[in-house]
Amino acid sequence: MPIRRLPPLLVNQIAAGEVIERPASVVKELVENSIDAGARRIDVAIEQGGRELIRVVDNGCGIAEAELALAVAPHATSKISSSEDLEAIATLGFRGEALASIASVSRLSIVSRTAEQSSAGLIESEGDQVKAVRPAAGPVGTTVTVRNLFFNTPARRKFLRAEMTETGRVMDVVENLALAHPQIAWTLQIDGKERLELPAAESVGDRILAVLGQELAEELLELDFSEHEIALRGMIGKPAIARGTAKHQRVFLNGRIINDRSINHAIKEAYRGLIDPTRSPTVALFMEVDPAQVDVNVHPTKAEVRFRNQAMVHGAVLRALRERLRKADLMPAVEMGGSGFGRPPVFGAMDSSGQVRNPATAEFVEYFRRLDPLQKGFVYSEVKQAIAVEAPELLRREAGQDGGADQAPMGPGELLPAVPAEWPQVRAVSEILQVHSSYIVTQDEHGLVIIDQHALHERVMFEQLKARLGEGNLESQRLLMPAMVEVDRAQMALLGELKPLLERIGIEAEAMGPGAIGVHAFTSLLFERGVDPVDFMSELLEKAVSRGVNDDPEAALHETLDMMACKAAVKAGDKLSAPELIELLKQRETIERSSNCPHGRPTSLRLSLKELERQFGRS
Ligand code: ADP
Ligand code: MG
């Protein structure tokens with residue numbers, strides 16, 4: 001084929017391939033234009049997942065009639081004019097491509113009017129057929145209507161997903177932009193039904209709650225942090241509302257949603273040890289950085305950015321979140337479901353308007369379907385389900401119906417240890433109860449606290465080990481006879497690489513023949529807690545083989561400490577004496593992150609007085 005210049009329509013369609021992937025991308029581009037135009041109100045409507053129709057109405061500055069034709073021309077923009085402007089972009093758009101791209105793959109019409117004009121102008125196009133601008137009726141602002149998206153690019157159309165999926169993506173886009181722009185009032189209509197209505201909000205916090213759901217207010221922590229030239233605001237979720245997908249982890253940079261690996265890493269790091277590593281926290285993080293410090297022109301949809309000083313941004317996010325989590329009361333609350341004494345239990349879920357939805361109805365199915373996973377998680381919270389079963393049993397025992405048979409045995413002459421004075425709510429040892437040799441039940445100023453003794457002790461051990469490691473290698477205890485660990489070839493091959501790690505944790509081990517490793521010295525703390533060196537080493541070697549040693553030494557050390565903490569901690573089923581109970585609770589007060597074990601599971605749950613009153617019909 002001879003080389004030739006491509007016709008403009010084809011050029012635009014190729015460009016559209018990058019920016020306009022699906023209806024949600026059209027919505028994003030149109031809405032961003034409305035925001036750039038200074039709109040105070042934006043109404044979005046879609047039909048059939050956006051394939052049939054997308055309409056965005058705004059009350060922004062409008063496009064002058066004389067410029068309407070230019071607006072849909074490629075590489076035409078009012079937002080930048082020189083390459084210096086590219087250095088510090090203050091608008092969401094700047095490439096001048098969106099309208100031209102959309103026009104090339106749809107039937108587009110724009111009605112727009114500026115404050116200076118007495119009537120609006122209308123421009124219509126279909127593929128590359130642009131009609132002459134005509135006068136039309138309309139208020140100040142812009143209405144863009146996109147019909148039959150991809151009507152002339154069947155390949156693209158084939159890639160669209162089910163209508164519901166496309167609708168879901170449009171909702172995500174609108175929600176995200178609405179989060180970033182609380183001062184704007186928004187509505188979203190789907191197939192003629194109002195699905196989102198957000199009046200202009202006073203603050204970012206108000207908007208976050210309006211979007212995520214007021215029900216989550218108690219589970220979200222407000223963030224307000226600044227360091228160097230970075231300001232971070234928003235809300236971050238307590239570990240209890242972490243979920244299986246990263247969809248509810250939203251990061252905005254100067255009003256634009258971004259997906260940045262290094263920031264995502266910092267978030268994960270901040271929650272390390274508070275949630276299961278396979279889950280993601282709920283985060284709505286708004287970063288303000290001097291636009292000159294970022295390059296947003298590295299990705300066609302601008303979802304990826306480049307920071308001048310990546311390390312500084314990473315550090316600020318990590319510190320901000322860590323500090324906030326450290327200050328928070330992270331103990332999950334127990335809610336027992338039902339609506340309390342004398343009223344039938346609510347079977348179903350309450351939506352934000354307080355209306356109860358019955359899961360048996362089609363309406364509920366529809367309602368549930370359009371929730372984002374976070375809200376779904378709220379409706380079917382695993383924590384609640386589990387506790388609804390467990391808690392009444394624990395309460396029954398606490399009420400003494402069990403004769404306190406599980407309490408630690410105490411000789412008649414034994415002196416009761418004193419409860420530390422800092423615990424005003426727990427006045428006597430009798431207010432600390434061990435049940436089923438596994439859980440500790442006590443109280444704090446808010447209500448009843450149930451503690452998983454193993455999980456808590458694991459966290460205590462973990463923090464102590466970490467603190468000691470900060471001062472140098474862990475203390476070690478020489479063994480009278482080496483403990484012999486049988487190993488396979490792969491494990492033996494790793495011994496050399498493992499040496500530095502072993503030395504740090506106070507273990508001295510050497511090959512003794514082809515199939516055995518001898519442990520000559522063992523971590524004192526593990527030794528004192530009766531951990532078997534052979535078991536411990538076997539497990540350590542097994543883990544090292546399956547994961548490799550040197551990929552990430554920090555992670556390997558963390559995992560090893562985890563294992564040590566787990567082995568050294570008291571187990572479920574261990575009877576604890578009163579002094580031991582007190583000691584454990586004392587340690588709980590002094591360590592960080594006592595709310596969760598090193599794997600991220602909660603160590604404690606609280607059943608509030610309020611919830612008790614509700615359940616017993618006292619309120
Ligand atoms: P960009 O946003 O990158 O400038 P677009 O193709 O999205 O490119 O838009 C082209 C131009 O049309 C914009 O620069 C702006 O001047 C004008 N425009 C588009 N949408 C609107 C709107 N809703 N209100 C006012 N002006 C608009
Ligand atoms: Mg634009």
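Only this structure's heavy atoms are used, side chains among them; waters, hydrogens and symmetry mates stay out. Read the numbers this way: they start at 1 and go in the same order the structure lists the ligands and their atoms.
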Ligand-residue contact atoms, ligand 1 with Gly93, heavy atoms, under 4.0 Å: 2 (O), 3 (O)
Check: Cys61 N/O within less than 3.5 Å of ligand 1 N/O: no
Residue and atom name of the nearest protein heavy atom (relative to atom 2 (O) of ligand 1), distance in Å to one decimal: Lys79 NZ, 2.7 Å
Step-by-step salt bridge (charged side-chain N to carboxylate O under 4.0 Å, His left out) determination, Arg272 to Glu269: CA-CA 5 Å; Arg272 197 214 287 256; Glu269 205 51 31; 2.9 Å; yes
Glu97, Lys28, Arg95 screened by side chain to side chain contact (heavy atoms under 4.5 Å, CB included) with Val19, the one that passes: Glu97
Identified side chain to side chain contact (heavy atoms under 4.5 Å, CB included) partner of Leu188 from the options Val27, Leu196, Leu198: Leu196
Arg319 with Glu227: basic N within carboxylate O range, under 4.0 Å: yes
Protein contact of atom 7 (O) of ligand 1 - nearest heavy atom, named by residue and atom, plus distance: Asn33 ND2, 2.8 Å
Ligand 1 contact by Arg95, heavy-atom criterion under 4.0 angstrom: yes
Atom 1 (P) of ligand 1: nearest protein contact (heavy atom, Å): Gly96 N, 3.6 Å
Backbone or side-chain N/O/S of Thr77 under 2.8 Å of the Mg ion (ligand 2): no
Under-4.0 Å salt bridge between Lys193 and Asp191: no
Per-atom contacts, ligand 1 versus Glu97 - under 4.0 Å to a heavy atom: 6 (O), 8 (O)
side-chain contact (heavy atoms from CB on, under 4.5 Å) between Val173 and Asn176, intermediate numbers included: CA-CA 5 Å; Val173 162; Asn176 288 338; 5.9 Å; no
Heavy atom of the protein closest to atom 17 (C) of ligand 1 (residue, atom name, distance): Ile63 CD1, 4.0 Å
Under 3.5 Å side-chain donor-acceptor pair for Asn148 and Arg107: yes
Single hit among Leu30, Leu99, Thr143 for side chain to side chain contact (heavy atoms under 4.5 Å, CB included) with Ile110: Leu99
Closest protein heavy atom to atom 22 (C) of ligand 1, given as residue, atom name and distance to 0.1 Å: Thr142 OG1, 3.7 Å
Closest candidate by heavy atom, reference atom 6 (O) of ligand 1, pool Thr143, Leu99, Asn59: Leu99
Shortest protein heavy-atom distance from atom 15 (C) of ligand 1, along with the residue and atom involved: Ser78 OG, 3.5 Å
Nitrogen or oxygen of Asp36 less than 3.5 angstrom from that of ligand 1: no
Carboxylate-amine/guanidinium contact Arg134 Glu124, below 4.0 Å: yes
Contact with ligand 1 for Ala76, non-hydrogen, under 4.0 angstrom: yes
More than 12 heavy atoms from other groups under 6.0 Å of CD on Gln183: yes
Nearest-contact summary for atom 12 (O) of ligand 1 - protein heavy atom, Å: Ala71 CB, 3.6 Å
Side-chain touch Glu126/Phe151, heavy atoms, less than 4.5 angstrom: yes
Nearest-neighbour protein heavy atom for atom 4 (O) of ligand 1, which is reported as residue plus atom name and distance: Thr77 OG1, 2.5 Å
Backbone or side-chain N or O of Glu29 under 3.5 Å from ligand 1 N or O: no
Crowding at CZ, Arg157 (>12 non-hydrogen neighbours, <6.0 Å): yes
Those atoms of ligand 1 less than 4.0 Å from some heavy atom in Ala37: 24 (N), 25 (C)
Within reach of ligand 1, part of Leu92 (heavy-atom separation under 4.0 Å): neither
Ala98 N/O to ligand 1 N/O under 3.5 Å: yes
